[in-house]
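In this chain, numbering begins with 1 at the start of the sequence shown.
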Amino acid sequence: MIDHFTLTASNYEKSKTFYAQALAPLGYALVKEFGDDVSGFGIGDRLDFWLANGSEPTRPTFHVAFAAETRAHVDAFYAAAIAAGGRDNGKPGTREGHPPNYYCAFVLDPDGQNIEATCRAAV
């Protein structure tokens, strides 16, 4: 099980704003900051996603899927991420070749990282 992970952003403030908006529908919030360089996001006091300031984004590009409790949360994540400046990389829906209850959406963050929200709950 993963405890936490960190992405490096080329435009830290833009990415911090993007993630704060995109992850809010999933219950995530910006919880802690260390100066102007590192931001910790999580649900409650469980910080499992960190964003760091850097001149180059994480390479090679990264893919991460955040768990969503409902399909409505996936839809809300997608809408919030697009509104925050993310680019469509797969509209909400089921995917061929995945289990029937695998409902997800993909967006590219400001640095082109592939971010997903996934719900595995039965309809």
Side-chain angles (χ1 to χ4, degrees):
M1 176 177 276
I2 296 171
D3 182 73
H4 67 277
F5 66 97
T6 303
L7 290 180
T8 303
S10 63
N11 184 327
Y12 176 71
E13 289 300 323
K14 182 177 182 179
S15 291
K16 182 171 69 168
T17 300
F18 169 82
Y19 281 105
Q21 292 176 7
L23 298 180
L26 304 179
Y28 274 77
L30 175 60
V31 178
K32 188 168 191 153
E33 292 187 83
F34 291 101
D36 295 330
D37 299 271
V38 178
S39 296
F41 294 82
I43 298 173
D45 62 355
R46 174 85 172 105
L47 302 174
D48 56 11
F49 172 53
W50 293 87
L51 187 66
N53 191 7
S55 60
E56 294 292 324
T58 300
R59 293 288 181 240
T61 56
F62 192 81
H63 170 76
V64 62
F66 290 92
E69 291 184 25
T70 68
R71 289 181 174 200
H73 287 129
V74 171
D75 296 343
F77 155 82
Y78 179 82
I82 295 299
R87 295 181 317 241
D88 170 56
N89 199 31
K91 294 185 181 344
T94 57
R95 299 291 188 268
E96 188 174 324
H98 287 78
N101 291 331
Y102 193 95
Y103 185 87
C104 60
F106 300 92
V107 296
L108 299 177
D109 81 355
D111 284 312
Q113 308 297 340
N114 188 26
I115 310 303
E116 175 184 0
T118 303
C119 177
R120 296 175 183 258
V123 178

Worksheet item: Do Val31 and Asp45 come within less than 4.5 Å of each other through their side chains, counting heavy atoms only?
Response: no
Worksheet, complete the sentence: In short, Ala80 meets Pro25 closest at the heavy-atom pair CB-CG, 3.8 Å
Worksheet item: Do any pairs count as a salt bridge (Lys or Arg N to Asp or Glu O under 4.0 Å) and have a residue in residues 16-32, sequence neighbours left out, and if so which ones?
Response: Glu13-Lys16, Lys16-Glu33
Worksheet entry | Minimum heavy-atom distance between Ala117 and Phe77, given as atom pair plus value | CB-CD2, 3.2 Å
Worksheet, complete the sentence: In this structure, NE2 of His73 is separated from SG of Cys119 (nearest 0.5 Å) by 9.0 Å
Fill in: Shortest non-hydrogen contact from Asn53 toward Thr8
C-CG2, 4.2 Å
Worksheet item: Is Gln113 close to Asn89 at the side-chain level, that is, under 4.5 Å between some pair of heavy atoms?
Response: no
Practice prompt. Return the orientation label for the Phe66 and Tyr28 ring planes: parallel under 30°, perpendicular over 60°, tilted otherwise.
Written response: perpendicular
Discussion item. Between Val74 and Thr118, is there a side-chain heavy-atom distance shorter than 4.5 Å?
Written reply: no
Practice prompt. Report the distance from atom OG1 of Thr6 to atom CG of Leu51, rounding to the nearest 0.5 Å.
Written response: 8.5 Å
Discussion item. Give me the atom names and distance for the closest heavy-atom approach of Ser39 to Leu30.
Written reply: CB-CD1, 3.4 Å
Worksheet, complete the sentence: On a heavy-atom basis, the closest approach of Ser15 and Asp111 is OG-OD2, 3.9 Å
Worksheet entry | Verify same cluster id: Val38, Phe5 (apolar side-chain graph, 4.5 Å) | no
Discussion item. Hydrophobic clusters here meaning ILVMFWY residues chained together by side-chain heavy-atom distances under 4.5 Å, can you tell me if Val64 and Phe106 are in one?
Written reply: no
Discussion item. Under the criterion side-chain contact (heavy atoms from CB on, under 4.5 Å), I'd like the reasoning laid out for Phe18 against Val107: C-alpha separation, chi angles, the key distance, then a yes or no.
Written reply: CA-CA 11 Å; Phe18 169 82; Val107 296; 4.1 Å; yes
Worksheet item: Closest heavy-atom contact between Tyr12 and Ala52?
Response: CD1-C, 3.8 Å
Worksheet item: Say you draw a straight line from CZ of Arg87 to CG of Asn114; how long is it, rounded to the nearest 0.5 Å?
Response: 10.5 Å
Worksheet item: What about Leu23 and Phe62, same hydrophobic cluster or not, with Ile/Leu/Val/Met/Phe/Trp/Tyr joined at side-chain heavy-atom distances under 4.5 Å?
Response: yes
Discussion item. Is a donor from one side chain sitting under 3.5 angstrom from an acceptor on the other, for Tyr19 and Asp109?
Written reply: yes
Item to complete: Supply the atom-to-atom distance Phe41 CZ to Trp50 CH2, rounded to the nearest 0.5 angstrom.
Response: 10.0 Å
Worksheet item: What's the verdict on side-chain contact (heavy atoms from CB on, under 4.5 Å) for Tyr103 and Val123, showing C-alpha distance, side-chain angles and the deciding distance?
Response: CA-CA 10 Å; Tyr103 185 87; Val123 178; over 6 Å; no
Worksheet item: Salt bridge or not for Asp75 and Lys91, using N-O below 4.0 Å?
Response: no
Fill in: Summary of ring-ring contact (aromatic ring centres under 6.0 Å, His included) pairs that have at least one residue in residues 81-101, sequence neighbours excluded
His98-Tyr102
